[in-house]
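All values derive from a computational prediction rather than experimental measurement.
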Amino acid sequence: MGDEENGKKPRVLQMVRADGTDKNCFTFVLHNEDHTLGNSLRYMIMKNPEVEFCGYSITHPSERKINLRIQTKGLPAVDVFQKGLEDLRGVCQHVLSKFEASVEEYNAQKDVTMEEV
């Protein structure tokens, strides 16, 4: 019986720490996600010089979840994960604003062209 069936909200994120590891090494299980978020987030996290390793895997093609592993040199992996999400959100906001500005510019040019006809 799944979380949706018994009235609970489905899990979106799980944090798994292997035995014998400290706060610098975690695996984050992101449910209902795929390569789109996995690769983008991995790229943003690897830009941090305090990160020793970051990689993700999809356990099986029929499962919609990714396992994202982060290992740092000293910072808590949770903080690095959160910063990666924030950085990725910033990039997405920038792309969205540029796209919307281009659409407005295109529509303005189209309106001027239509008036000339």
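The shortest distance between side-chain heavy atoms of R69 and C25 falls below 4.5 Å. V78 places none of its side-chain heavy atoms less than 4.5 Å from the side chain of K23. Residues L13 and F28 meet the side-chain proximity criterion, which asks for heavy atoms closer than 4.5 Å.
When every heavy atom of Q14 is checked against every heavy atom of H31, the shortest pair comes out as OE1-NE2, 2.8 Å.
In Q82, the CD atom is not crowded: 12 or fewer heavy atoms of neighbouring residues, nucleotides or ligands sit closer than 6.0 Å. Within 6.0 Å of NE2 on H35 lie no more than 12 heavy atoms contributed by other residues, nucleotides or ligands. Shown here is R64, whose CZ atom has more than 12 heavy atoms of other residues, nucleotides or ligands within 6.0 Å.
A salt bridge links K83 with D87: the closest approach of a Lys/Arg side-chain nitrogen to an acidic carboxylate oxygen falls below 4.0 angstrom.
One hydrophobic cluster, built from ILVMFWY side chains closer than 4.5 Å, cannot hold both L85 and V29; they sit in different ones. L30 and V91 fall within a single hydrophobic cluster, where Ile, Leu, Val, Met, Phe, Trp and Tyr side chains are chained together by heavy-atom contacts under 4.5 Å. A single hydrophobic cluster is seen to contain both I66 and M15, as judged by linkage of ILVMFWY side chains at heavy-atom distances under 4.5 Å, directly or through other members.
Here the CE-CD distance, from M44 to E86, works out to 11.0 Å after rounding to the nearest 0.5 Å. Note that CG of L75 is 4.5 Å distant from CD of E50, once rounded to the nearest 0.5 Å. One distance of note links CG of N107 with OG of S102; it measures 11.0 Å at 0.5 Å rounding. A distance of 10.5 Å separates NZ of K47 from CG of L88, quoted to the nearest 0.5 Å. Going from atom CG of N32 over to atom CD of E63 covers 11.5 Å, rounded to the nearest 0.5 Å. How far NZ of K73 is from CZ of F53: 14.5 Å, rounded to the nearest 0.5 Å.
Of the listed residues (N67, L37, L41, N39), just one forms a side-chain contact (heavy atoms from CB on, under 4.5 Å) with Y56, and that residue is N39.
Here C54 pairs with R42, I45, M46, V51, L68, I70 under the side-chain contact (heavy atoms from CB on, under 4.5 Å) rule; sequence neighbours left out.
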